[in-house]
Amino acid sequence: MKNVINCIFLFSTFLVPFSSITLPPAEEENQPLPVAGNLFIITTDGFRWQELFTGADSTLLHDTGFTPDTATMKLLYWSNDPAERRKKLMPFFWSVLATRGQVYGNRHYENHVNIANPYALSYPGYNEIFSGHADLGISSNRKMANPHINVLEFLNEQPGLENRVVAFTSWDVFPYILNRKRNQLTLNSGYEPVEEIESEAQHLINQVQSEAVLDKSATRFDLLTFLAAKEYLKEKLPRVLYLGLGETDEFAHEGRYDLYLQQAQKVDQMIAELWLWVQNTPGYKDNTSFIITTDHGRGRAKKWTRHGEFIRGSTQTWLALLGPGIPALGEIKEKGQLYQQQLARLIAGLLGEGF
(Lines give C-alpha, C1' and ligand atoms only; values in the text may rest on other atoms or scores of the structure.)
Protein backbone atom coordinates (compact mmCIF):
# COMPACT_ATOMS: atom_id res chain seq x y z
CA MET A 1 0.00 0.00 0.00
CA LYS A 2 2.92 2.33 0.71
CA ASN A 3 4.06 2.12 -2.93
CA VAL A 4 0.56 2.94 -4.11
CA ILE A 5 0.47 6.05 -1.90
CA ASN A 6 3.94 7.13 -3.11
CA CYS A 7 2.69 6.74 -6.65
CA ILE A 8 -0.38 8.88 -6.07
CA PHE A 9 1.64 11.74 -4.51
CA LEU A 10 2.50 12.94 -7.99
CA PHE A 11 -1.16 13.32 -8.92
CA SER A 12 -2.95 14.01 -5.64
CA THR A 13 -3.62 17.68 -6.41
CA PHE A 14 -4.76 17.15 -10.00
CA LEU A 15 -8.22 17.09 -11.56
CA VAL A 16 -8.71 13.33 -11.79
CA PRO A 17 -6.91 11.05 -9.29
CA PHE A 18 -6.56 7.32 -9.73
CA SER A 19 -10.18 6.24 -9.46
CA SER A 20 -9.73 2.98 -7.59
CA ILE A 21 -6.75 3.69 -5.33
CA THR A 22 -7.06 5.03 -1.80
CA LEU A 23 -5.77 8.60 -1.67
CA PRO A 24 -3.21 9.57 0.99
CA PRO A 25 -4.52 11.08 4.22
CA ALA A 26 -5.90 14.62 3.97
CA GLU A 27 -2.87 16.19 5.63
CA GLU A 28 -0.66 14.66 2.93
CA GLU A 29 -2.71 15.61 -0.13
CA ASN A 30 -0.76 18.80 -0.78
CA GLN A 31 2.62 17.13 -0.48
CA PRO A 32 4.95 18.99 -2.87
CA LEU A 33 6.19 17.25 -5.97
CA PRO A 34 9.87 16.23 -6.16
CA VAL A 35 11.50 19.30 -7.69
CA ALA A 36 14.44 19.14 -10.11
CA GLY A 37 16.37 21.98 -11.68
CA ASN A 38 15.59 20.92 -15.26
CA LEU A 39 12.86 19.14 -17.16
CA PHE A 40 12.77 17.32 -20.51
CA ILE A 41 9.36 16.60 -22.05
CA ILE A 42 9.35 14.13 -24.94
CA THR A 43 6.39 13.07 -27.07
CA THR A 44 6.30 10.57 -29.91
CA ASP A 45 3.20 11.16 -31.98
CA GLY A 46 0.51 8.48 -32.13
CA PHE A 47 2.57 5.67 -30.61
CA ARG A 48 0.24 2.98 -29.26
CA TRP A 49 0.29 1.60 -25.73
CA GLN A 50 0.09 -1.90 -27.22
CA GLU A 51 3.59 -1.73 -28.72
CA LEU A 52 5.02 0.05 -25.70
CA PHE A 53 3.88 -2.62 -23.24
CA THR A 54 3.84 -5.81 -25.34
CA GLY A 55 6.14 -5.08 -28.29
CA ALA A 56 5.43 -5.96 -31.90
CA ASP A 57 1.85 -6.99 -32.72
CA SER A 58 1.89 -10.53 -34.15
CA THR A 59 -0.98 -9.92 -36.57
CA LEU A 60 0.56 -6.78 -38.06
CA LEU A 61 4.11 -8.14 -38.05
CA HIS A 62 3.04 -11.15 -40.12
CA ASP A 63 0.85 -9.19 -42.53
CA THR A 64 2.89 -8.45 -45.67
CA GLY A 65 0.52 -5.61 -46.49
CA PHE A 66 1.87 -3.74 -43.46
CA THR A 67 5.26 -5.46 -43.07
CA PRO A 68 6.72 -6.34 -46.50
CA ASP A 69 9.81 -8.16 -45.14
CA THR A 70 8.23 -10.14 -42.33
CA ALA A 71 11.18 -12.53 -41.94
CA THR A 72 13.71 -9.79 -41.15
CA MET A 73 11.33 -7.92 -38.88
CA LYS A 74 10.59 -11.11 -36.94
CA LEU A 75 14.33 -11.58 -36.36
CA LEU A 76 14.58 -8.03 -35.05
CA TYR A 77 11.45 -7.69 -32.97
CA TRP A 78 9.64 -10.97 -32.40
CA SER A 79 9.55 -13.21 -29.33
CA ASN A 80 6.77 -15.32 -27.88
CA ASP A 81 7.32 -13.51 -24.57
CA PRO A 82 5.69 -10.04 -24.51
CA ALA A 83 8.25 -8.78 -21.97
CA GLU A 84 11.08 -9.85 -24.25
CA ARG A 85 9.35 -8.34 -27.31
CA ARG A 86 9.01 -4.92 -25.72
CA LYS A 87 12.67 -5.00 -24.67
CA LYS A 88 13.68 -5.80 -28.23
CA LEU A 89 11.68 -2.82 -29.45
CA MET A 90 12.63 -0.30 -26.75
CA PRO A 91 15.62 -1.61 -24.79
CA PHE A 92 16.50 1.60 -22.95
CA PHE A 93 12.92 2.24 -21.96
CA TRP A 94 12.46 -1.16 -20.35
CA SER A 95 16.00 -1.74 -19.06
CA VAL A 96 16.63 1.69 -17.52
CA LEU A 97 13.67 4.05 -17.54
CA ALA A 98 11.09 1.54 -16.33
CA THR A 99 13.34 0.29 -13.53
CA ARG A 100 14.33 3.76 -12.26
CA GLY A 101 11.08 5.64 -12.90
CA GLN A 102 7.36 5.05 -13.37
CA VAL A 103 5.32 3.86 -16.37
CA TYR A 104 1.54 4.20 -16.61
CA GLY A 105 -0.99 2.92 -19.12
CA ASN A 106 -0.76 -0.87 -19.34
CA ARG A 107 -4.42 -1.66 -19.84
CA HIS A 108 -3.81 -5.38 -19.24
CA TYR A 109 -3.65 -4.35 -15.57
CA GLU A 110 -6.57 -1.92 -15.94
CA ASN A 111 -4.11 0.92 -15.52
CA HIS A 112 -5.51 3.51 -17.90
CA VAL A 113 -4.18 6.75 -19.36
CA ASN A 114 -6.49 8.59 -21.74
CA ILE A 115 -6.94 11.86 -23.53
CA ALA A 116 -10.02 13.77 -22.32
CA ASN A 117 -10.83 15.41 -25.67
CA PRO A 118 -13.18 13.37 -27.90
CA TYR A 119 -11.40 14.02 -31.20
CA ALA A 120 -8.23 11.95 -30.76
CA LEU A 121 -6.27 14.14 -33.19
CA SER A 122 -2.86 15.70 -32.67
CA TYR A 123 -3.70 19.40 -32.21
CA PRO A 124 -6.45 18.67 -29.63
CA GLY A 125 -4.11 16.22 -27.90
CA TYR A 126 -1.16 18.58 -27.62
CA ASN A 127 -3.43 21.41 -26.55
CA GLU A 128 -4.68 19.19 -23.76
CA ILE A 129 -1.17 18.24 -22.64
CA PHE A 130 0.16 21.81 -22.55
CA SER A 131 -2.88 23.91 -21.64
CA GLY A 132 -4.21 21.51 -19.02
CA HIS A 133 -7.70 21.03 -20.35
CA ALA A 134 -9.60 19.70 -23.33
CA ASP A 135 -11.28 22.32 -25.53
CA LEU A 136 -14.25 21.15 -27.60
CA GLY A 137 -13.62 24.11 -29.91
CA ILE A 138 -10.26 22.67 -30.97
CA SER A 139 -11.41 19.77 -33.10
CA SER A 140 -8.96 19.52 -36.01
CA ASN A 141 -5.30 19.92 -36.98
CA ARG A 142 -5.98 23.21 -38.75
CA LYS A 143 -3.23 25.83 -38.36
CA MET A 144 -4.99 28.25 -36.02
CA ALA A 145 -3.48 30.23 -33.18
CA ASN A 146 -4.26 28.55 -29.87
CA PRO A 147 -6.09 30.99 -27.58
CA HIS A 148 -5.09 29.11 -24.41
CA ILE A 149 -2.05 29.87 -22.28
CA ASN A 150 0.25 26.84 -22.29
CA VAL A 151 2.52 25.66 -19.51
CA LEU A 152 5.70 26.27 -21.52
CA GLU A 153 5.01 29.96 -22.00
CA PHE A 154 3.94 30.17 -18.35
CA LEU A 155 7.25 28.66 -17.22
CA ASN A 156 9.17 30.93 -19.57
CA GLU A 157 7.90 33.91 -17.57
CA GLN A 158 8.85 32.59 -14.13
CA PRO A 159 11.93 33.92 -12.26
CA GLY A 160 14.98 31.83 -13.09
CA LEU A 161 13.31 30.29 -16.14
CA GLU A 162 13.06 33.36 -18.36
CA ASN A 163 14.30 32.52 -21.88
CA ARG A 164 15.42 29.11 -20.67
CA VAL A 165 12.45 27.18 -22.05
CA VAL A 166 12.77 25.79 -25.58
CA ALA A 167 10.83 23.50 -27.91
CA PHE A 168 12.05 21.52 -30.93
CA THR A 169 9.33 19.79 -32.92
CA SER A 170 9.11 17.79 -36.14
CA TRP A 171 5.52 18.82 -36.92
CA ASP A 172 5.17 22.35 -38.27
CA VAL A 173 1.80 22.97 -36.59
CA PHE A 174 3.44 23.55 -33.20
CA PRO A 175 4.01 27.29 -33.73
CA TYR A 176 0.19 27.51 -33.74
CA ILE A 177 -0.42 24.99 -30.95
CA LEU A 178 2.03 26.81 -28.65
CA ASN A 179 1.13 30.20 -30.15
CA ARG A 180 4.67 31.44 -30.75
CA LYS A 181 3.36 34.68 -32.24
CA ARG A 182 1.80 35.61 -28.90
CA ASN A 183 4.50 34.54 -26.49
CA GLN A 184 7.77 34.57 -28.49
CA LEU A 185 8.67 31.17 -27.07
CA THR A 186 11.94 29.78 -28.43
CA LEU A 187 10.55 27.19 -30.82
CA ASN A 188 12.13 25.45 -33.80
CA SER A 189 9.58 23.54 -35.85
CA GLY A 190 9.41 21.66 -39.12
CA TYR A 191 12.25 22.55 -41.49
CA GLU A 192 13.08 25.90 -39.92
CA PRO A 193 16.84 26.50 -39.66
CA VAL A 194 18.40 27.13 -36.26
CA GLU A 195 20.11 30.50 -36.42
CA GLU A 196 21.04 31.01 -32.75
CA ILE A 197 23.67 28.23 -32.77
CA GLU A 198 26.82 28.70 -34.85
CA SER A 199 28.46 25.32 -34.32
CA GLU A 200 29.74 23.31 -37.26
CA ALA A 201 27.25 20.55 -36.49
CA GLN A 202 24.30 22.95 -36.54
CA HIS A 203 25.52 24.48 -39.78
CA LEU A 204 25.53 20.99 -41.30
CA ILE A 205 22.01 20.27 -40.00
CA ASN A 206 20.75 23.51 -41.53
CA GLN A 207 22.48 22.66 -44.81
CA VAL A 208 20.92 19.17 -44.95
CA GLN A 209 17.49 20.64 -44.30
CA SER A 210 17.96 23.29 -46.94
CA GLU A 211 19.61 21.27 -49.71
CA ALA A 212 18.90 17.57 -49.21
CA VAL A 213 15.25 17.55 -48.16
CA LEU A 214 12.92 17.95 -51.11
CA ASP A 215 9.52 18.13 -49.42
CA LYS A 216 9.75 20.73 -46.69
CA SER A 217 5.97 20.78 -46.23
CA ALA A 218 6.13 17.30 -44.66
CA THR A 219 6.91 16.49 -41.04
CA ARG A 220 10.64 16.95 -40.42
CA PHE A 221 12.72 13.83 -39.99
CA ASP A 222 12.87 13.18 -36.25
CA LEU A 223 16.62 12.65 -36.36
CA LEU A 224 17.11 16.22 -37.63
CA THR A 225 14.81 17.55 -34.90
CA PHE A 226 16.74 15.59 -32.28
CA LEU A 227 20.18 16.64 -33.51
CA ALA A 228 19.18 20.30 -33.61
CA ALA A 229 17.75 20.06 -30.09
CA LYS A 230 20.90 18.43 -28.80
CA GLU A 231 23.11 21.11 -30.33
CA TYR A 232 20.96 23.76 -28.67
CA LEU A 233 21.22 21.92 -25.36
CA LYS A 234 25.01 21.85 -25.50
CA GLU A 235 25.34 25.51 -26.48
CA LYS A 236 22.52 27.23 -24.54
CA LEU A 237 21.89 24.90 -21.57
CA PRO A 238 18.12 25.54 -21.22
CA ARG A 239 16.28 24.38 -18.12
CA VAL A 240 13.18 23.13 -19.96
CA LEU A 241 13.29 21.25 -23.26
CA TYR A 242 10.29 19.99 -25.17
CA LEU A 243 11.14 17.48 -27.90
CA GLY A 244 8.16 16.73 -30.14
CA LEU A 245 8.80 13.76 -32.45
CA GLY A 246 6.40 12.85 -35.23
CA GLU A 247 7.49 10.00 -37.48
CA THR A 248 5.80 7.18 -35.57
CA ASP A 249 2.48 8.72 -36.58
CA GLU A 250 3.62 9.40 -40.14
CA PHE A 251 4.66 5.78 -40.79
CA ALA A 252 1.46 4.50 -39.19
CA HIS A 253 -0.67 6.61 -41.53
CA GLU A 254 1.35 5.21 -44.43
CA GLY A 255 0.46 1.69 -43.29
CA ARG A 256 4.12 0.73 -42.83
CA TYR A 257 4.22 -1.26 -39.61
CA ASP A 258 7.85 -2.16 -40.18
CA LEU A 259 8.92 1.50 -40.37
CA TYR A 260 6.67 2.36 -37.42
CA LEU A 261 8.51 -0.20 -35.28
CA GLN A 262 11.91 0.93 -36.50
CA GLN A 263 11.05 4.53 -35.67
CA ALA A 264 9.90 3.56 -32.18
CA GLN A 265 13.30 1.96 -31.63
CA LYS A 266 15.02 5.14 -32.88
CA VAL A 267 12.95 7.17 -30.41
CA ASP A 268 14.17 4.86 -27.66
CA GLN A 269 17.76 5.47 -28.79
CA MET A 270 17.22 9.25 -28.75
CA ILE A 271 15.85 9.11 -25.20
CA ALA A 272 18.83 6.99 -24.17
CA GLU A 273 21.25 9.47 -25.73
CA LEU A 274 19.59 12.39 -23.95
CA TRP A 275 19.73 10.53 -20.64
CA LEU A 276 23.41 9.72 -21.15
CA TRP A 277 24.13 13.38 -21.96
CA VAL A 278 22.23 14.50 -18.86
CA GLN A 279 24.09 12.09 -16.61
CA ASN A 280 27.45 13.33 -17.89
CA THR A 281 26.75 17.08 -17.82
CA PRO A 282 27.24 19.18 -14.66
CA GLY A 283 24.08 21.00 -13.67
CA TYR A 284 21.92 18.36 -15.36
CA LYS A 285 23.28 15.20 -13.72
CA ASP A 286 20.85 13.99 -11.02
CA ASN A 287 18.98 17.27 -11.49
CA THR A 288 16.75 16.59 -14.51
CA SER A 289 13.30 15.02 -14.72
CA PHE A 290 11.88 13.34 -17.84
CA ILE A 291 8.22 13.16 -18.90
CA ILE A 292 7.56 10.93 -21.92
CA THR A 293 4.14 10.41 -23.51
CA THR A 294 2.08 10.59 -26.70
CA ASP A 295 -0.78 12.77 -27.97
CA HIS A 296 -3.32 10.07 -28.88
CA GLY A 297 -3.74 6.36 -29.46
CA ARG A 298 -4.63 4.42 -32.59
CA GLY A 299 -7.10 1.83 -33.82
CA ARG A 300 -6.71 -1.92 -33.52
CA ALA A 301 -6.04 -4.66 -36.08
CA LYS A 302 -6.32 -3.28 -39.62
CA LYS A 303 -7.52 0.09 -38.24
CA TRP A 304 -4.16 0.63 -36.54
CA THR A 305 -3.22 3.13 -39.28
CA ARG A 306 -6.00 5.49 -38.22
CA HIS A 307 -7.15 7.46 -35.21
CA GLY A 308 -9.98 9.81 -34.49
CA GLU A 309 -13.34 10.29 -32.88
CA PHE A 310 -14.88 7.09 -34.26
CA ILE A 311 -11.82 4.81 -34.15
CA ARG A 312 -11.83 2.63 -31.05
CA GLY A 313 -8.58 2.86 -29.08
CA SER A 314 -7.72 6.37 -30.24
CA THR A 315 -8.13 7.93 -26.78
CA GLN A 316 -5.80 5.41 -25.11
CA THR A 317 -2.31 6.71 -24.26
CA TRP A 318 0.53 6.14 -21.79
CA LEU A 319 2.95 8.06 -19.60
CA ALA A 320 6.49 7.58 -18.26
CA LEU A 321 8.30 9.59 -15.55
CA LEU A 322 11.95 9.54 -14.56
CA GLY A 323 14.04 11.81 -12.39
CA PRO A 324 15.41 12.69 -8.97
CA GLY A 325 12.85 12.28 -6.22
CA ILE A 326 10.40 10.35 -8.39
CA PRO A 327 9.95 6.96 -6.65
CA ALA A 328 11.25 4.06 -8.73
CA LEU A 329 7.94 2.20 -8.84
CA GLY A 330 8.48 0.80 -12.32
CA GLU A 331 5.52 -0.36 -14.35
CA ILE A 332 2.36 0.55 -12.46
CA LYS A 333 0.12 -2.50 -12.22
CA GLU A 334 -2.61 -0.98 -10.06
CA LYS A 335 -6.08 -0.34 -11.42
CA GLY A 336 -6.47 3.39 -12.06
CA GLN A 337 -7.18 6.27 -14.41
CA LEU A 338 -5.11 9.27 -15.49
CA TYR A 339 -5.80 11.88 -18.18
CA GLN A 340 -3.43 13.84 -20.38
CA GLN A 341 -4.97 17.12 -19.18
CA GLN A 342 -3.28 16.49 -15.82
CA LEU A 343 0.18 16.80 -17.35
CA ALA A 344 0.38 20.60 -17.56
CA ARG A 345 0.23 20.85 -13.77
CA LEU A 346 2.70 18.00 -13.44
CA ILE A 347 5.12 19.74 -15.82
CA ALA A 348 5.00 22.92 -13.75
CA GLY A 349 5.01 21.08 -10.43
CA LEU A 350 8.21 19.18 -11.20
CA LEU A 351 9.90 22.59 -11.43
CA GLY A 352 8.28 23.85 -8.22
CA GLU A 353 5.70 26.03 -10.00
CA GLY A 354 1.91 26.04 -9.88
CA PHE A 355 0.04 26.23 -13.18
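Keep in mind it's a predicted model, so treat the numbers as computed, not measured.
- Gln265 contributes no side-chain N or O that, together with a main-chain N or O of Leu261, makes up a donor-acceptor pair within less than 3.5 Å.
- The shortest non-hydrogen separation linking Val151 to Ala344 is CG2-O, 3.4 Å.
- A pairwise comparison of heavy atoms in Tyr257 and Gly55 identifies OH-O, 4.4 Å as the closest pair.
- Side-chain contact between Asn141 and Pro124 is present, with at least one heavy-atom pair separated by less than 4.5 Å.
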(message) Using the rule given for side-chain contact (heavy atoms from CB on, under 4.5 Å), can you reason through Phe93 versus Val103, listing the C-alpha separation, both sets of side-chain angles and the distance that settles it, and then say yes or no?
(response) CA-CA 10 Å; Phe93 194 100; Val103 186; 3.8 Å; yes

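- Ion pair Asp172/Lys143 flagged as a salt bridge, since at least one NZ, NE, NH1 or NH2 atom sits closer than 4.0 Å to an Asp/Glu carboxylate oxygen.
- Minimum interatomic distance between Ser122 and His296 (heavy atoms only, all atoms of both residues): OG-NE2, 3.4 Å.
- Atoms CD1 and CG, from Ile291 and Leu350 in turn, are 5.0 Å apart once rounded to the nearest 0.5 Å.
- Panel note: side chain Glu231, backbone Ala228; no donor-acceptor pair is recorded below 3.5 Å.
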(request) Verify side-chain contact (heavy atoms from CB on, under 4.5 Å) between Trp94 and Asp268, making sure each step is shown before the conclusion. (result) CA-CA 10 Å; Trp94 289 107; Asp268 183 75; over 6 Å; no

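- A distance-only check finds no donor-acceptor pair linking the side chain of Arg256 to the backbone of Phe251 [under 3.5 Å].
- Checking Tyr260 against Glu51 by side-chain atom types alone, a donor-acceptor pair falls below 3.5 Å.
- A salt bridge does not link Lys87 with Glu84: none of the charged nitrogens is closer than 4.0 Å to a carboxylate oxygen.
- Residues Leu227 and Val213 are members of one and the same hydrophobic cluster, defined by side-chain heavy-atom contacts under 4.5 angstrom among Ile, Leu, Val, Met, Phe, Trp and Tyr.
- Nearest heavy-atom pair across Trp277 and Lys234 is NE1-CG, 3.5 Å.
- Interatomic distance, CG of Leu329 versus CD of Gln102, reported as 4.5 Å (0.5 Å rounding).
- Within 6.0 Å of the CZ atom in Arg312, the count of heavy atoms belonging to other residues, nucleotides or ligands does not exceed 12.
- Looking at every heavy atom in both residues, Ile115 comes nearest to Ala120 through CD1-CA, 3.5 Å.
- Checked against the 6.0 Å centroid criterion, the rings of His112 and Trp49 do not qualify as a close aromatic pair.
- When ring centroids are compared, Phe40 and Trp275 stay outside the 6.0 Å threshold.
- Legend: ring-ring contact (aromatic ring centres under 6.0 Å, His included) pairs involving residues 201-240, not counting sequence neighbours, sorted by first then second residue: Phe168-Tyr232.
- Within the 4.5 Å cutoff, the side chain of Phe66 has no heavy atoms near those of the Thr59 side chain.
- Between the Arg100 side chain and the Ser95 main chain, no donor and acceptor come within less than 3.5 Å of each other.
- Within the structure, salt bridge (Lys or Arg N to Asp or Glu O under 4.0 Å) contacts touching residues 283-307 (residues at least two apart or in different chains) are Asp63-Lys302, Asp249-Arg298.
- Both Ile42 and Val166 are part of a single hydrophobic cluster, where members link through side-chain heavy atoms under 4.5 Å apart.
- Taking CG of Asn188 as the start and CG of Leu185 as the end, the distance is 11.5 Å to the nearest 0.5 Å.
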(request) Would you please test Lys74 and His62 for side-chain contact (heavy atoms from CB on, under 4.5 Å) and show each step? (result) CA-CA 8 Å; Lys74 282 174 63 179; His62 292 83; 3.4 Å; yes

(message) Go through it in stages, so that I can follow the logic: the residues are Thr294 and Thr317, the test is side-chain hydrogen bond (donor to acceptor under 3.5 Å, both in side chains), and I'd like the CA-CA distance, side-chain angles, deciding distance and then a yes or no.
(response) CA-CA 6 Å; Thr294 189; Thr317 60; over 6 Å; no

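- Counting only N and O atoms by type, the side chains of Thr219 and Ser170 include no donor and acceptor under 3.5 Å apart.
- Under the 4.5 Å side-chain criterion, counting only non-hydrogen atoms from C-beta, His148 is not in contact with Phe130.
- Atom-to-atom distance recorded for Leu241:CG and Phe290:CZ is 8.5 Å, nearest 0.5 angstrom.
- With hydrogens and angles left out, the side-chain atoms of Gln340 and Thr293 include a donor and acceptor closer than 3.5 Å.
- For the 3.5 Å distance criterion, the side chains of Glu153 and Asn179 fail to qualify, holding no donor opposite an acceptor.
- Residues Asn150 and Asn183 are in side-chain contact: their nearest non-hydrogen atoms beyond the backbone lie under 4.5 Å apart.
- Side-chain polar atoms of Gln202 and Asn206 form a donor-acceptor pair below 3.5 angstrom.
- Taking the side chain as every heavy atom from C-beta outward, Glu196 and Thr186 approach each other to under 4.5 Å.
- With respect to the salt-bridge test (charged N to carboxylate O, under 4.0 angstrom), the residues Arg239 and Glu353 do not qualify.
- A 4.5 Å side-chain heavy-atom check between Leu346 and Leu321 finds at least one atom pair inside the cut-off.
- Taking the six-membered ring where the residue is Trp, the centroids of Phe53 and Trp318 are separated by 6.0 Å or more.
- Pairs of residues two or more places apart, or lying in two chains, that qualify as salt bridge (Lys or Arg N to Asp or Glu O under 4.0 Å) and include a residue from residues 105-133 are Glu110-Lys335.
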(message) side-chain contact (heavy atoms from CB on, under 4.5 Å) for Gln263 and Phe47? Distances and angles first, verdict last.
(response) CA-CA 10 Å; Gln263 191 60 31; Phe47 184 57; over 6 Å; no

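- The existence of a salt bridge linking Glu273 and Lys230 is confirmed by a sub-4.0 Å separation between a basic side-chain nitrogen and an acidic carboxylate oxygen.
- Annotation for Ile311 and Ser314: closest pair O-OG, 2.8 Å, computed over non-hydrogen atoms.
- Under 3.5 Å, the side chains of Glu331 and Asn106 contain a donor-acceptor pair of N or O atoms.
- Looking only at distances, a side-chain donor or acceptor of Arg182 sits under 3.5 Å from a matching main-chain atom of Asn146.
- Looking only at distances, a side-chain donor or acceptor of Tyr284 sits under 3.5 Å from a matching main-chain atom of Leu237.
- Judged by distance alone, with hydrogens and angles left aside, the side-chain atoms of Asn287 form a donor-acceptor pair with the main-chain N or O of Gly37 at under 3.5 Å.
- A distance of 9.5 Å separates CG of Asp135 from CG of Asn117, quoted to the nearest 0.5 Å.
- A heavy-atom distance below 4.5 Å is found between the side chains of Leu97 and Ile292.
- For the atom pair CG of Asn111 and CD of Gln337, the computed distance is 9.0 Å after rounding to the nearest 0.5 Å.
- Looking at Ser140 and Tyr119, their side chains never bring a donor and an acceptor atom within 3.5 Å of each other.
- Side-chain contact between Gln262 and Met73 is present, with at least one heavy-atom pair separated by less than 4.5 Å.
- In terms of hydrophobic clustering, with Ile, Leu, Val, Met, Phe, Trp and Tyr side chains grouped at heavy-atom distances under 4.5 Å, Trp171 and Leu223 are assigned to different clusters.
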